Amino acid sequence: RQMGEIKNKKILDFGSGIGVTANHLAKSNEVIAIEPDEESVRMRWQENKYQQIIGDVKSLKEFANETFDIIVCHNVLEYTKEERIEIVNEFARLLKPDGRISLVKHNRPGRVMQMVVLLNDFESAHSLLDGNDGMTSKFGVIHYYDDSDVEKWCDKLAITKTLGMRTFWDMQQNQEVHKDTEWQQKMIEIEMRVSDLEDYKNIAFFHHLFIEKV
């Protein structure tokens, strides 16, 4: 919803996981997905046709300059601390002059709220407030970075818009209601309404950055 309607574009989904986003975008676009984890690739969604590559930053170097209209990178750079500057600069090389990058990243204040309100994990909350990294059971260490770091890593890119994501969704602890389609639609509507309001953006679990070439 935040990305709007996308049709007839050439899209790169880097760090595609189980292919939820790649599969969705492949309905109306040409999509190439790159994912290093072979188990995720085996489990991937593939109702719609897209090209899947098992690879990492090295795979990016195989594409010509200005290949893609849109590059998607959702919750990836937190887990690639050593390579993320290289990755972002490859994105700049691969993006068409009028293209854009959709980058979703963890938001530290939102994560602190999650630890305190949802998990009663005060030790981790204090650690995050002290500026330390976090941890996930599946992907390992979360190497947090600031939104503005993207522009520091590559001076060819500029953040044109920042939206909040998942401000309220995870606060609802009734897991059964999560399956209710009417509840989902109401939640999406309220999430969209507050996603560009600064107060709510500051506490969202994730930030959605829209990035273009300068």
Side-chain angles (χ1 to χ4, degrees), residues 1-6 11 13-25 33 35 37 40 43-45 70-80 84 100-122 124-125 127-129 131-150 159-211:
R1 289 282 293 274
Q2 290 182 349
M3 291 177 69
E5 186 177 10
I6 302 172
I11 300 174
D13 184 358
F14 184 77
S16 55
I18 60 171
V20 177
T21 302
N23 181 66
H24 172 73
L25 292 172
E35 168 59 41
D37 183 60
S40 295
M43 297 169 56
R44 68 189 173 101
W45 295 26
I70 296 172
I71 296 175
V72 175
C73 183
H74 292 175
N75 296 334
V76 173
L77 297 183
E78 291 86 347
Y79 309 106
T80 59
R84 58 192 181 190
R100 61 174 173 158
I101 299 169
S102 167
L103 190 149
V104 174
K105 62 178 288 292
H106 285 76
N107 179 40
R108 188 186 293 269
R111 187 69 168 176
V112 171
M113 283 191 59
Q114 183 184 42
M115 291 297 169
V116 175
V117 177
L118 301 183
L119 303 177
N120 291 315
D121 187 347
F122 298 100
S124 293
S127 179
L128 289 172
L129 287 169
N132 297 316
D133 290 329
M135 181 67 70
T136 64
S137 56
K138 183 174 181 181
F139 300 111
V141 178
I142 304 172
H143 299 286
Y144 289 91
Y145 62 95
D146 295 332
D147 296 0
S148 60
D149 284 343
V150 176
I159 299 167
T160 57
K161 193 174 189 63
T162 302
L163 298 175
M165 183 179 285
R166 294 181 81 108
T167 304
F168 305 121
W169 186 289
D170 296 296
M171 295 296 181
Q172 173 53 259
Q173 290 295 280
N174 181 353
Q175 295 299 310
E176 287 304 310
V177 77
H178 282 199
K179 303 172 186 177
D180 182 82
T181 55
E182 182 179 356
W183 179 88
Q184 292 172 6
Q185 289 305 312
K186 288 179 179 179
M187 180 58 76
I188 290 170
E189 291 302 324
I190 195 73
E191 290 272 7
M192 289 294 293
R193 182 172 180 181
V194 304
S195 65
D196 202 17
L197 299 178
E198 209 64 30
D199 289 343
Y200 298 92
K201 196 185 303 185
N202 289 337
I203 60 171
F205 282 21
F206 301 101
H207 278 176
H208 188 184
L209 310 184
F210 292 88
I211 302 167

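For the numbers below, each heavy atom of this structure counts, side chains included, while hydrogens, waters and symmetry mates do not. Just so we're clear, the structure is a prediction, and the values are computed from it rather than from any experiment.
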How long is the span from the [atom1] atom in [X] to the [atom2] atom in [Y], to the nearest 0.5 Å?
X      : Y      : atom1 : atom2 : result
Ile203 : Met113 : CD1   : CE    : 4.5 Å
Thr21  : His24  : OG1   : NE2   : 8.0 Å
Thr80  : Phe14  : OG1   : CZ    : 7.0 Å
Gln184 : His178 : CD    : NE2   : 9.0 Å
Leu163 : Met3   : CG    : CE    : 11.5 Å
Asp149 : Lys105 : CG    : NZ    : 8.0 Å

Might you point out which heavy atoms bring [X] and [Y] nearest each other, and give the distance in Å?
X      : Y      : answer
Asp133 : Ser127 : O-OG, 4.5 Å
Asp13  : Ala22  : OD2-N, 3.3 Å
Asn202 : Pro109 : O-CB, 3.4 Å
Gly140 : Met135 : C-SD, 3.3 Å
Glu35  : Gly17  : OE1-N, 2.7 Å
Ser195 : Lys201 : O-CE, 3.7 Å

Contacts of type side-chain hydrogen bond (donor to acceptor under 3.5 Å, both in side chains), residue [X], not counting sequence neighbours:
X      : answer
Ser40  : Asp37
Gln185 : none
Thr160 : none
Asn75  : none

Check whether any side-chain N or O of [X] sits under 3.5 Å from a backbone N or O of [Y] as a donor-acceptor pair, and report yes or no.
X      : Y      : result
Asn107 : Gly164 : no
Arg44  : Gly19  : no
Arg108 : Leu128 : yes

Check your understanding: So, do Tyr145 and His143 have ring centers that fall under 6.0 Å from each other?
Key ->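 Centroid distance Tyr145-His143: not below 6.0 Å, so no.
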Exercise for review: Flag the pair Phe206 / His106 as yes when their ring centroid distance falls below 6.0 Å, and as no otherwise.
Suggested key: yes
With a 4.5 Å cut-off on side-chain heavy atoms, are [Y] and [X] touching?
X      : Y      : answer
Ile211 : Arg100 : no
Phe210 : Ile101 : no
Asp147 : Thr162 : yes
Val104 : Met165 : yes
Ile142 : Thr136 : yes
Val141 : Tyr79  : no
Glu78  : Phe139 : no
Gln172 : Phe168 : no

Practice item. Output all residues satisfying salt bridge (charged side-chain N to carboxylate O under 4.0 Å, His left out) with Asp170, sequence neighbours left out; order by chain, then residue number. Key: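 Salt bridge (charged side-chain N to carboxylate O under 4.0 Å, His left out) list for Asp170, sorted by chain: Arg166.
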Review point. Can you list every salt bridge (charged side-chain N to carboxylate O under 4.0 Å, His left out) pair that touches residues 172-188, not counting sequence neighbours?
Key: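 Listed by first then second residue: Glu176-Lys179, Glu182-Lys186.
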Practice item. Evaluate side-chain contact (heavy atoms from CB on, under 4.5 Å) for Ile6 paired with Leu25, printing each intermediate quantity in order. Key: CA-CA 8 Å; Ile6 302 172; Leu25 292 172; 4.1 Å; yes
Review point. Is the shortest distance from a Lys or Arg side-chain nitrogen in Asp196 or Lys161 to a carboxylate oxygen in the other one below 4.0 Å?
Key: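 Lys161 and Asp196: salt-bridged.
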Review point. Do we see a donor-acceptor contact under 3.5 Å between the side chains of His208 and Ser102?
Key: yes
Exercise for review: Give a yes or no on this: more than 12 heavy atoms of other residues, nucleotides or ligands lie within 6.0 Å of atom CH2 of Trp169.
Suggested key: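 Yes.
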